[in-house]
**Student:** 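This is the structure I have questions about; it appears just below.
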Amino acid sequence: MAAPSAAIFVPKQAPVVLSLLANPDRLEAFRLLAAAPGERRRSHSELRQIKESWLAGTGLEYRRDIQPWLGEEITLAVTSWDFDRDKLNSQQPGYLLVTTTKNAQRSQEFLELFWQQQALAGADLAFDSYQGVKLISSSSVATAAVGDRYILFANHPKVLREAINNVQATDLNLTNDTSYRAAWENLAQPKIGLAYLNLAALSGNTQLKSLGIALSLNSQGLLAETAAMTDKAESVTPSLNQPVGALDYLPASSGLAIAGSNLSQFWAEFSGTLPGNNALAQLIAESITTWESRLGIQLSQDIFSWVEGEYALALLPRADGKAADWVFVAEKSAAAEQGIVHLDAIAKQQGFSIGNLPLGEKEIIGWTKLKTAPTKTKKSQPPFELNAQISGVRADVGKYEIFATSVEAINQALQAPNNSLADSGEFQQAIAPLSRPNDGYVYLNWPASQATLDRQFPVLSIIELAGKPLFANLRGLTLSSYGKEAGVQKAAVFFHLGMVKK
């Protein structure tokens, strides 16, 4: 499949570029075909509402005014954080929308109707010609028709003039940018769209230069494959050909699960490449802070550093609405034994006792501390009673060591082989579109974990609002890394949507 042709209008330094490579009507037909029969009416209504919201307040209708001419490609770009480079008016981002047209006459009629509506609404219109292209603009929008194939929209005539210059001077446009071409060439699957992020311009990240994201559809959801250009031309083979065995000890009800091999190496690479000023970084930082505060440890030093074999981590939502429990499974090794001794020493320093606790036919080890509390009735003698505070528990099972934040959580983990996450149909559907070999999975069961995650991380509510059409149908999300080849780090995210045939 060819790269987006509209990239010829976009400057090389553009921080964000999004290209849809399929007509919205074809996407709607696929969505309705893939949806279960009982969900098709709701899906059609949701898609209609999205289209109507785009044109709210314009006096235009998608089916009447846009559908007859809209082609197979729509590209939206932030061309610059400050298109006029005028320090007196602060930063003025440039926005450019380019669409192809399948009917030049109908698209021209649309532009005429659009500007008639603007004039009737009281807008002052300006007319200009630049390199043979007619430009029309108001205080908030500018348009141009380039040849009989492209319709351009921007937030200022300067953005349109720069776009036309980019076509004339090919060394200025994105099509001839080496990072953009590399992203496209490394995302070879059939796709409906491509997102390209200039990470240096977005976050100042020096290890990851750019990120390409290719979107494709299947009958169960949306697959996003990524290719990140790094500053080191090295190759790293993914470590796993089979699912992680530690997943057998994660309950099927897990809301969030992470599984892989060599956690110390993964964390060193992940923490070094994650941009520091974005919602994902904030979410992860808040999660780590919560864990460290609750357990009184430094995760990267006291746990991540010694996990060299398989590992699996799960969040277990609680029906009573209290803070979720966590379960962590690590493969045994010499380094793991030393790490566990170190954790016990930290617990003792914090005043906890290390001792055996019976749990059915199994014996577990708990970090406990005795505390006094008033008795429930005034007549009780003595007036105070002793309560055991449990900071954490662990158990030795075969080749694995299991850690949990409560007795209830470790009991679920010990019972999990009878009903594990690895064997659940939901999880199997969520990992099916992802390739092997890989470096493991990050899996999110959205309905099971949404309430818990929203309480713990308020920033998620903003993300959900921005992506409402996606989150309204989201059943799960799975991420996997495919290693690195010649400096290109590959991964994929699968959005499991609520349109599986019953």
**Student:** Judged by atom type as modelled, is there a donor-acceptor pair below 3.5 Å linking the side chain of Ser449 to the main-chain atoms of Asn445?
**Tutor:**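 Present.
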**Student:** From Phe495 CZ over to Leu444 CG, what is the distance, rounded to the nearest 0.5 angstrom?
**Tutor:**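 Separation between the atoms: 10.5 Å.
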**Student:** In Å, rounded to the nearest 0.5 Å, how long is the span from CG of Asn218 to NE2 of His496?
**Tutor:**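 That separation rounds to 8.5 Å.
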**Student:** Name each donor-acceptor pair under 3.5 Å that joins a side chain in residues 308-316 to protein atoms two or more places apart or in another chain, with its distance.
**Tutor:**
from: Glu310; atom 1: OE1; to: Gly245; atom 2: N; distance (Å): 3.2
from: Glu310; atom 1: OE1; to: Ala246; atom 2: N; distance (Å): 3.3
from: Glu310; atom 1: OE1; to: Tyr400; atom 2: OH; distance (Å): 2.6

**Student:** Is any side-chain heavy atom of Leu357 less than 4.5 Å from a side-chain heavy atom of Glu363?
**Tutor:** no
**Student:** Does the pair Leu359 and Val407 meet the rule for a side-chain contact (heavy atoms from CB on, under 4.5 Å), with working shown?
**Tutor:** CA-CA 8 Å; Leu359 183 61; Val407 174; 3.9 Å; yes
**Student:** Indicate yes or no: at least one non-hydrogen side-chain atom of Leu414 is less than 4.5 angstrom from one of Ile402.
**Tutor:** yes
**Student:** Indicate yes or no: at least one non-hydrogen side-chain atom of Phe328 is less than 4.5 angstrom from one of Thr405.
**Tutor:**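 No; the side chains remain at least 4.5 Å from each other.
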**Student:** Kindly determine whether Glu401 and Ile340 satisfy side-chain contact (heavy atoms from CB on, under 4.5 Å), including the steps that lead there.
**Tutor:** CA-CA 9 Å; Glu401 193 78 26; Ile340 293 169; 3.6 Å; yes
**Student:** If you count every heavy atom of other residues, nucleotides or ligands that lies below 6.0 Å from Lys362 atom NZ, does the total exceed 12?
**Tutor:**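 Correct, the count exceeds 12.
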**Student:** Can you tell me how far the OG atom of Ser216 sits from the CG atom of Leu21, to the nearest 0.5 Å?
**Tutor:**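 Between Ser216 OG and Leu21 CG, I get 11.5 Å after rounding to 0.5 Å.
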**Student:** Does Ser420 form a side-chain contact (heavy atoms from CB on, under 4.5 Å) with Tyr249? I'd like the steps, not just the answer.
**Tutor:** CA-CA 6 Å; Ser420 72; Tyr249 292 95; over 6 Å; no
**Student:** Treating Lys484 as the side-chain partner and Pro238 as the backbone partner, does any N or O pair qualify as donor plus acceptor under 3.5 Å?
**Tutor:**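 Side chain of Lys484 to backbone of Pro238: no pair is present.
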**Student:** Roughly how far, to the nearest 0.5 Å, is OH of Tyr180 from OG of Ser210?
**Tutor:**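 Nearest 0.5 Å value for the OG-OH distance: 11.5 Å.
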**Student:** I'd like to check Ile365 versus Ile354 (side-chain heavy atoms, cut-off strictly below 4.5 Å). Are they in contact?
**Tutor:** yes
**Student:** Using atom types as modelled and distance alone, determine if a side-chain donor or acceptor of Thr75 lies under 3.5 Å from a backbone N or O of Ala6.
**Tutor:** no
**Student:** Is there a side-chain contact between Val442 and Thr478 (heavy atoms, below 4.5 Å)?
**Tutor:**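 No, their side chains stay 4.5 Å or more apart.
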**Student:** How close do Ala336 and Glu331 get, counting heavy atoms only, and between which atoms?
**Tutor:** CB-O, 3.9 Å
**Student:** What is the distance from atom CG of Asn419 to atom CG of Leu250, rounded to the nearest 0.5 Å?
**Tutor:** 12.0 Å
**Student:** Can you give me the closest heavy-atom contact between Val78 and Ala14, atom names plus distance?
**Tutor:**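 Minimum heavy-atom contact is O-CB, 3.4 Å.
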**Student:** Over all heavy atoms of both residues, which pair between Leu434 and Ala492 is shortest? Give the atoms and the distance, please.
**Tutor:** CD2-CB, 3.8 Å
**Student:** So Tyr196 and Ser179, side-chain contact (heavy atoms from CB on, under 4.5 Å) or not? Walk me through it.
**Tutor:** CA-CA 10 Å; Tyr196 177 76; Ser179 292; 3.3 Å; yes
**Student:** So does Ser5 get a backbone contact from the side chain of Glu73, meaning a donor-acceptor N/O pair under 3.5 Å?
**Tutor:** yes
**Student:** Do the side chain of Asp439 and the main chain of Ser239 share a donor and acceptor less than 3.5 angstrom apart?
**Tutor:**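 Yes, because the side chain of Asp439 sits within donor-acceptor range (under 3.5 Å) of the backbone of Ser239.
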**Student:** Between Lys490 and Glu225, does at least one N-O distance fall below 4.0 Å, as a salt bridge requires?
**Tutor:** no
**Student:** Flag the pair Leu70 / Thr99 as yes when at least one side-chain heavy-atom distance between them is below 4.5 Å, and no otherwise.
**Tutor:**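 Sidechains of Thr99 and Leu70: in contact.
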**Student:** Considering only NZ, NE, NH1 and NH2 on the basic side and carboxylate oxygens on the acidic side, decide whether Arg475 and Glu426 come within less than 4.0 Å.
**Tutor:**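 Yes, Arg475 and Glu426 are salt-bridged.
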**Student:** Looking at every heavy atom in both Val327 and Ala409, which two are closest together, and how far apart are they?
**Tutor:**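 Shortest heavy-atom contact: CG2-O, 3.7 Å.
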**Student:** Mark yes or no for whether Asn186, through its side chain, and Ala182, through its backbone, hold a donor-acceptor pair below 3.5 Å.
**Tutor:** yes
**Student:** Got a second to check how far Asn438's CG is from Ser481's OG, nearest 0.5 Å?
**Tutor:**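 The CG atom of Asn438 sits 8.0 Å away from the OG atom of Ser481.
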**Student:** Check whether any side-chain heavy atom of Pro243 sits under 4.5 Å from a side-chain heavy atom of Arg436, and report yes or no.
**Tutor:** yes
**Student:** Does Ile74 reach the side chain of Pro24, with side-chain heavy atoms less than 4.5 Å apart?
**Tutor:**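 Of all side-chain heavy-atom pairs linking Pro24 with Ile74, at least one is under 4.5 Å.
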**Student:** Quick one: do Asp344 and Arg394 satisfy salt bridge (charged side-chain N to carboxylate O under 4.0 Å, His left out)? Show the steps, please.
**Tutor:** CA-CA 11 Å; Asp344 285 345; Arg394 58 183 172 86; 2.6 Å; yes
**Student:** Where is the tightest heavy-atom contact between Ser424 and Ala252, given as atom of each residue plus distance?
**Tutor:** CB-CB, 4.2 Å
**Student:** Among Leu18, Ile192, Leu223, Leu194, find the one that has a side-chain contact (heavy atoms from CB on, under 4.5 Å) with Leu215.
**Tutor:**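 In the set Leu18, Ile192, Leu223, Leu194, the residue that makes a side-chain contact (heavy atoms from CB on, under 4.5 Å) with Leu215 is Ile192.
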**Student:** Looking at every heavy atom in both Val393 and Gly366, which two are closest together, and how far apart are they?
**Tutor:** CG1-CA, 3.9 Å
**Student:** Tell me whether the rings of Phe427 and Tyr443 are parallel (<30°), tilted (30 to 60°) or perpendicular (>60°).
**Tutor:** perpendicular
